[in-house]
Protein chains: 2
Amino acid sequence: MAQRGRPRSFDRTAALRQAMEVFWQKGYDNASMADLTAAMGLNPPSLYAAFGSKEGLFREAVTLYAETEGQGIWEGIAGAPTARAAMAHLLEATALAYTSGAEPRGCLIVLGAPQPECASPAIRDDLKKRRLDGVRILEERLERAVTEGELPNHADCAAIANFYATVQHGMSIRARDGASRETLLAVAGGAMAAWDRLAT
Amino acid sequence: MAQRGRPRSFDRTAALRQAMEVFWQKGYDNASMADLTAAMGLNPPSLYAAFGSKEGLFREAVTLYAETEGQGIWEGIAGAPTARAAMAHLLEATALAYTSGAEPRGCLIVLGAPQPECASPAIRDDLKKRRLDGVRILEERLERAVTEGELPNHADCAAIANFYATVQHGMSIRARDGASRETLLAVAGGAMAAWDRLAT
DNA sequence: CATTTTATGTATCGATTGATAAAATAAAGC
DNA sequence: GCTTTATTTTATCAATCGATACATAAAATG
């Protein structure tokens with residue numbers, strides 16, 4: 001039943017959380033194994049035995065990020081009573097999340113590997129896919145609003161989704177530049193000021 | 001009159017342009033001196049003699065970028081007949097610029113060193129300052145519109161400038177994710193759909 | 001001419017990169 | 001206690017990082 005050999009002496013999830021923080025702060029390429037082992041409190045062989053490689057560690061860190069930090073932002077999309085409320089929730093939750101800590105940080109998925117020629121094309125493509133998945137989630141919510149009569153049949157759901165996703169991505173940059181919670185909430189309000197025109 | 005010693009055998013501006021392309025594609029940290037010397041066609045001592053350091057080379061590359069690629073975007077702000085036209089020009093020129101090449105690239109100033117803990121804090125701060133300068137340019141144009149009567153006295157110029165700057169930053173991410181010209185122009189249109197509400 | 005000055009090409013510097021080999025150690029099954 | 005299995009520690013691997021020492025080549029100066 002129980003493992004045969006010596007059990008590991010560290011909390012795998014706690015170590016992963018530390019790795020996530022390092023990647024969040026430095027990005028995939030700039031985070032060195034020395035940075036990671038120091039923050040996680042491990043020696044390199046323990047890290048490689050538990051996570052396989054730097055790529056594997058990053059993938060798990062991003063998954064953890066999506067399940068924790070990202071959940072509060074995206075979980076409310078489907079459940080929102082209207083598409084308008086869904087978009088407003090997306091941007092307001094983003095503004096709150098990006099300014100919740102002592103220093104604004106932006107999104108790991110947006111900023112973790114932004115270069116087209118990154119050290120790991122697989123990592124770059126994985127983050128890109130996650131970003132595009134976000135756009136698609138918005139688009140599907142808008143299409144549902146068409147079937148429900150909230151939006152007219154001729155509404156350009158793809159364009160509306162692209163607009164709100166773009167604003168959300170831009171908030172990551174603004175957060176890293178030190179934008180306050182009030183500033184980001186004002187950005188969210190500005191984007192929602194376009195709703196009536198976009199929805200008709 | 002003429003230089004004393006042996007003249008350099010390469011075109012400094014052409015070499016700088018090549019360096020700009022490498023930095024644009026890879027970012028500051030991921031662009032290695034080997035990448036740069038290969039693209040510029042120089043040996044390392046020639047590069048260091050001409051540009052001082054990797055930091056110095058990047059600074060000059062960013063200045064060249066701002067004077068060439070960025071000019072078409074920002075030069076029209078002051079000259080636009082109205083603040084509304086200025087914002088529309090900003091976003092439309094950005095959409096065109098980010099999709100002018102074979103592959104969409106986004107902005108070097110937004111994407112060149114996005115990590116809070118970058119290899120060079122000076123580079124990071126320089127790009128951040130340039131981004132904030134952009135926000136300020138928009139705000140000043142909006143404030144001018146207040147004095148000229150285009151906008152009411154109670155208009156929140158800072159909030160409006162932040163909104164349009166955020167959209168423009170987000171377009172860099174969307175461009176790197178492969179957004180088409182039509183998509184980015186639709187984003188610009190979406191942002192302008194908010195104007196009437198923001199301006200009253 | 002010789003001297004001075006600057007640029008170039010070759011080879012390489014110490015430091016750091018991601019990733020391991022080898023040996024020591026600890027816990028579970030028999 | 002003994003074997004088995006896995007983890008931990010120590011030390012280090014080849015490759016690459018940004019940056020240079022050195023000797024040579026080419027122009028202006030005297």
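Convention: sequence-line order gives letters A, B, ...; per-chain numbering from 1. A quick note: this is a predicted structure, and the numbers were derived from the prediction, not measured.
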With sequence neighbours excluded, residues passing side-chain contact (heavy atoms from CB on, under 4.5 Å) with E67(B):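 E67(B) satisfies side-chain contact (heavy atoms from CB on, under 4.5 Å) with T63(B) only.
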
Considering only nitrogen or oxygen atoms on both sides, find all protein atoms under 3.5 Å from nucleotides 20-25 of chain D and state each distance.
unit_1, atom_1, unit_2, atom_2, d
dA25(D), N3, R6(B), NH1, 3.3

Cluster companions of L111(A) among Ile, Leu, Val, Met, Phe, Trp, Tyr (side-chain spacing under 4.5 Å):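 V110(A), I173(A), V110(B), L111(B), I173(B), listed by chain and number.
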
Check the distance between [N]'s [atom2] and [X]'s [atom1] and give it to me in whole angstrom.
| X | N | atom1 | atom2 | value |
| --- | --- | --- | --- | --- |
| F51(B) | dA19(D) | CZ | C1' | 16 Å |
| L36(B) | dA19(D) | CG | C1' | 13 Å |
| F10(A) | dA6(D) | CZ | P | 15 Å |
| F58(A) | dG18(C) | CZ | P | 13 Å |
| D35(B) | dA19(D) | CG | P | 14 Å |
| D11(A) | dT8(D) | CG | C1' | 17 Å |
| L47(A) | dG18(C) | CG | C1' | 11 Å |
| M40(B) | dG18(D) | CE | P | 13 Å |

Side-chain N,O (S9(B)) to OP1/OP2 (dA7(C)) below 4.0 Å: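 Result: no.
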
What salt bridge (charged side-chain N to carboxylate O under 4.0 Å, His left out) pairs are there with at least one residue in [range], not counting sequence neighbours?
| range | result |
| --- | --- |
| residues 171-184 of chain B | R131(A)-D177(B) |
| residues 145-164 of chain A | R144(A)-E148(A) |
| residues 70-99 of chain A | R84(A)-D196(A) |

List for me each residue that meets ring pair (Phe, Tyr, Trp, His ring centres under 6.0 Å) alongside [X], sequence neighbours excluded, and say none if there are none.
| X | value |
| --- | --- |
| Y48(B) | none |
| Y98(B) | none |
| W195(A) | none |
| W74(B) | none |

DNA chain D: 5'-proximal contact among G5(B) and K54(B) (nearest heavy atom):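 Whichever sits nearer the 5' end wins; that is K54(B).
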
Measure from the side-chain heavy atoms of [X] and tell me the nearest of [options].
| X | options | answer |
| --- | --- | --- |
| A34(A) | dA19(D), dT17(C), dT8(C) | dT17(C) |
| N43(A) | dA27(C), dA7(C), dT10(D) | dT10(D) |
| S46(A) | dG18(D), dT8(D), dT8(C) | dT8(D) |
| R4(B) | dT8(D), dT8(C), dT4(C) | dT4(C) |
| S32(B) | dT8(C), dC17(D), dG18(C) | dC17(D) |
| M33(A) | dT8(C), dA28(D), dA19(C) | dA19(C) |

Spacing of R197(A) atom CZ and I160(A) atom CD1 [to the nearest 0.5 Å]: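 Here the interatomic distance stands at 14.0 Å.
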
Atom pair CG (L138(A)) and CZ (F163(A)), whose distance is rounded to the nearest 0.5 Å: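 Separation between the atoms: 12.0 Å.
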
For DNA chain D, the residues among residues 16-30 of chain B that have a non-hydrogen atom under 4.0 Å from it: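 Output list: empty, so none.
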
Carboxylate-amine/guanidinium contact R105(B) E69(B), below 4.0 Å: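 Not counted as a salt bridge, because no side-chain N and carboxylate O are separated by less than 4.0 Å.
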
Sugar-phosphate, base or nothing in reach of A31(B), heavy atoms under 4.0 Å: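 It contacts sugar-phosphate atoms only.
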
End axis versus end axis in the helix from dC1(C)-dG30(D) to dC30(C)-dG1(D), the angle rounded to 10°, five pairs used at each terminus: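 One end's axis against the other's: 10°.
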
